Amino acid sequence: MQSTDVIVVGGGLAGLVAATELTDAGRRVLVVEQEPRQSLGGQAHWSFGGLFFVDSPEQRRMGVRDSHALALADWMGTAAFDRAEDHWPRQWAEAYVDFASGEKRAWLHGLGMRWFPVVGWAERGGYGAIGHGNSVPRFHVTWGTGPGVLEPFLRRAHAAEANGLLQFAFRHRVDDLLVEHGSVVGVRGARLAEDAVERGKPSSRDVIGDFDYRAQAVVVASGGIGGNHELVRKNWPEQLGPPPARMICGVPAHVDGRMLGITEAAGARLINRDRMWHYVEGIENWNPIWPMHAIRILPGPSSLWLDARGQRLPGPLWPGFDTMGTLQYLRRTGFDYSWFVLDQQIIRREFALSGSEQNPDLTGKSWRQVAKRAIGKQAPAPVEAFKQHGRDFIVRNTLDELVQGMNALTGNSLIDAARLREEIEARDRQFDNPYAKDGQIMAIHNARRYRGDRLVRVAKPHRLLDPANGPLIAVRLNILTRKTLGGLETDLHARVLGHDQQPVRGLYAVGEAAGFGGGGLHGYRALEGSFLGGCLFSGRIAGRAIAAELA
């Protein structure tokens with residue numbers, strides 16, 4: 001029976017941060033991971049690399065005035081904490097905004113991380129000063145995207161491995177936490193057969209043996225439930241209406257929530273199960289890696305958003321303004337999909353795709369390739385590839401032809417060409433002046449007042465039906481599963497709490513498994529850029545707290 005100081009269950013970003021904080025403090029760590037070594041880093045590898053900073057140098061260079069007070073007000077208005085079990089999530093939220101306003105950037109910069117100079121404006125809200133949304137741009141894209149976020153911690157982990165302080169047990173699946181006299185003292189599980197499968201693809205579950213490891217502390221860093229659609233539907237929030245009959249998957253299949261149930265069985269308290277973060281701008285990957293592989297469109301504000309019947313969505317449910325509000329509205333339409341209608345000018349300027357593999361310029365740290373985003377008539381190459389190959393894309397020269405293609409794709413006649421033409425012509429007339437009564441048009445004008453949006457993100461206002469801006473494009477949007485906002489309840493030392501509200505001795509949780517901190521520091525909604533940040537923050541807290549406890 002192997003023994004070490006600390007066992008970390010899961011080799012994703014949060015687990016790596018916790019492990020390397022511990023090894024930096026001289027503690028011996030074993031990372032137990034059911035996937036092969038080539039999958040080290042988990043979901044973070046596939047991410048766009050967005051991080052939430054407050055009053056950063058990048059913001060100031062873009063003319064953005066941000067502050068801790070403004071960010072905290074935005075966070076709390078977005079989270080809308082309203083439950084008794086929100087005690088610790090609220091404290092984690094306050095601590096995280098302190099971190100994002102303070103040492104977060106300096107810490108990461110010191111590790112070698114850098115960011116794209118144009119700050120993105122995600123989740124813009126639109127309801128009023130109190131409530132959901134970012135008042136200012138705060139989405140900082142890491143230079144190198146997800147792999148760029150992982151790199152410092154992989155480097156530290158490999159150095160610790162070479163020094164003998166860190167060991168990896170790949171292809172080891174934890175089936176139980178070992179509990180003795182009320183304390184978690186280790187893990188037990190199955191050794192799986194080696195598998196050379198490509199990162200992200202499902203690996204085998206062939207069992208070739210078992211294991212039993214002991215430690216003074218165990219950190220659960222196993223992620224959420226986004227790859228387990230059965231569990232997503234079981235926990236689906238009532239306020240969002242019925243769960244979709246059809247969803248596509250924004251995370252690999254191994255993100256199955258299995259370890260959450262195992263930890264709960266060991267005495268942990270799991271809270272806010274029904275809080276989750278799924279996107280409505282999902283498209284099927286024409287070149288998939290995992291089953292039902294979904295890519296999210298990161299849209300600018302100009303596309304016309306229609307429900308399945310061709311009705312325009314009400315304000316402020318415009319692209320990029322309120323993910324959960326839009327999901328709630330669309331679930332009440334009775335359909336599992338909606339539409340963007342746009343043109344070549346908009347797709348060229350405003351469409352970005354989530355995922356490190358969909359942004360080779362940023363991931364590869366190529367300024368030459370990045371510069372191409374701002375010039376020419378074509379969208380970035382991955383977007384153009386989806387336009388050409390993606391089954392959710394309809395590209396036509398006339399509106400009548402576009403509507404025919406939309407109805408053919410869905411196998412119905414729900415979109416009426418005459419009614420849609422009337423809607424678009426009314427929209428187009430709003431651009432005859434630099435002011436308007438249409439809420440979305442006002443939002444577009446507001447976006448272009450921000451230097452970053454005007455430079456690289458928001459298309460110049462124009463008429464959709466002007467052939468000079470064509471061709472016309474329709475994109476069928478699907479619901480894709482992504483993040484678990486609830487999780488294992490933890491105190492501010494990342495100690496997992498039991499049903500008696502006392503820490504379960506020897507047990508810690510980080511990352512998505514802990515709702516990114518406390519069992520759900522986002523509340524009901526996220527401001528974006530805070531999922532990777534929650535992994536970084538909670539992993540660092542756990543690593544340092546355990547190191548101090550074991551000193």
Side-chain angles (χ1 to χ4, degrees), residues 10-16 33-50 145-147 149-150 170-171 173 192-206 221-235 243-260 276-298 336-337 352-360 363 382-383 385-386 389-393 476-484 511-513 531-532 535:
L13 177 61
L16 287 172
E33 169 60 58
Q34 72 173 1
E35 298 305 307
R37 180 179 282 272
Q38 59 268 25
S39 291
L40 187 61
Q43 295 179 65
H45 172 86
W46 302 106
S47 76
F48 197 34
T145 66
V149 176
L150 279 169
F170 294 105
R171 304 297 287 153
R173 184 189 69 203
L192 306 178
E194 292 298 322
D195 195 331
V197 67
E198 179 185 349
R199 177 194 285 270
K201 289 187 177 296
S203 61
S204 80
R205 293 293 179 262
D206 296 337
S222 55
I225 68 173
N228 185 339
H229 286 187
E230 180 181 354
L231 199 53
V232 168
R233 290 190 178 94
K234 179 181 178 181
N235 293 320
R246 180 181 183 274
M247 298 182 286
I248 51 181
C249 204
V251 295
H254 65 257
V255 187
D256 58 9
R258 184 174 174 275
M259 193 66 205
L260 292 174
M276 49 187 70
W277 186 257
H278 306 309
Y279 292 109
V280 286
E281 311 100 330
I283 51 178
E284 291 187 42
N285 194 342
W286 63 273
N287 187 22
I289 297 172
W290 55 79
M292 298 181 291
H293 189 170
I295 298 295
R296 185 208 172 194
I297 296 170
L298 306 172
D336 295 340
Y337 68 92
L353 301 175
S354 65
S356 55
E357 82 283 8
Q358 300 297 330
N359 296 275
T363 303
V383 176
F386 266 91
H389 302 293
R391 69 186 302 259
D392 294 309
F393 283 72
R476 181 178 60 178
L477 306 173
N478 308 275
I479 296 169
L480 72 86
T481 59
R482 184 61 65 84
K483 294 299 179 187
T484 310
E512 194 173 355
F531 300 129
L532 293 175
C535 292

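What you are looking at is a predicted structure, and each value in this text was computed from that prediction instead of being measured.
- Contact of the Pro36 side chain with the Val197 side chain is registered, since non-hydrogen atoms from C-beta on lie closer than 4.5 Å.
- With sequence neighbours excluded, the residues that form a ring pair (Phe, Tyr, Trp, His ring centres under 6.0 Å) with His278 are Trp236.
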Going through the distances and angles, do Tyr337 and Asp392 end up as a side chain to side chain contact (heavy atoms under 4.5 Å, CB included)?
CA-CA 10 Å; Tyr337 68 92; Asp392 294 309; over 6 Å; no

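- Between Glu512 and Lys483 there is a salt bridge, since a side-chain N of the basic residue sits under 4.0 Å from a carboxylate O of the acidic one.
- Considering only heavy atoms from C-beta on, Arg476 comes within 4.5 Å of Arg391 through its side chain.
- Here CD of Glu281 is found 10.5 Å from CD1 of Ile479. Values are rounded to the nearest 0.5 Å.
- Inter-residue side-chain proximity for Asp256 and Leu231 is flagged as unmet; no heavy-atom pair is nearer than 4.5 Å.
- Under 4.0 Å is where a charged nitrogen must lie from a carboxylate oxygen, and between Arg296 and Glu284 no such pair does.
- The side-chain heavy atoms of Pro291 and Cys249, taken from C-beta on, include no pair separated by under 4.5 Å.
- Note: Thr484 OG1 to Arg482 CZ = 11.5 Å, rounded to the nearest 0.5 Å.
- Within the 4.5 Å cutoff, the side chain of Asn478 has no heavy atoms near those of the Met247 side chain.
- When only modelled atom types and interatomic distance are considered, His229 and Thr481 share a side-chain donor-acceptor pair under 3.5 Å.
- Remark: the backbone N or O of Gly11 is paired with a side-chain donor or acceptor of Glu33 at under 3.5 angstrom.
- Counting only heavy atoms from C-beta outward, the side chains of Asp206 and Leu192 never approach each other to under 4.5 Å.
- When atom types are taken as modelled, the side chain of Arg173 and the backbone of Gln34 share no donor-acceptor pair closer than 3.5 angstrom.
- When atom types are taken as modelled, the side chain of Ser356 and the backbone of Thr363 share no donor-acceptor pair closer than 3.5 angstrom.
- Of all non-hydrogen atoms in Gly250 and Leu480, the two that sit nearest each other are CA-CD1, 3.9 Å.
- Contact annotation: the side chain of Arg199 approaches that of Trp46 to within less than 4.5 Å [non-hydrogen atoms, C-beta and beyond].
- Using a 30° and 60° split on the angle between ring planes, Phe393 and Phe386 fall in the tilted class, from 30° to 60°.
- Ser47 pairs by the side-chain contact (heavy atoms from CB on, under 4.5 Å) definition with Leu532, not counting sequence neighbours.
- Using a 3.5 Å distance cut-off with no hydrogens or angles, the side chains of Arg171 and Ser204 do pair a donor with an acceptor.
- Side-chain contact between Ile283 and Ile295 is present, with heavy atoms from C-beta onward closer than 4.5 Å.
- Not a single donor-acceptor pair under 3.5 Å links the side chain of Asp195 to the backbone N or O of Ser203.
- The NZ atom of Lys201 lies 11.5 Å from the OG atom of Ser39; values are rounded to the nearest 0.5 Å.
- One finds the CG atom of Leu150 at 8.0 Å from the CG atom of Leu40 (value rounded to the nearest 0.5 Å).
- Side chain of Asn359 to backbone of Leu353: a donor-acceptor contact under 3.5 angstrom is found.
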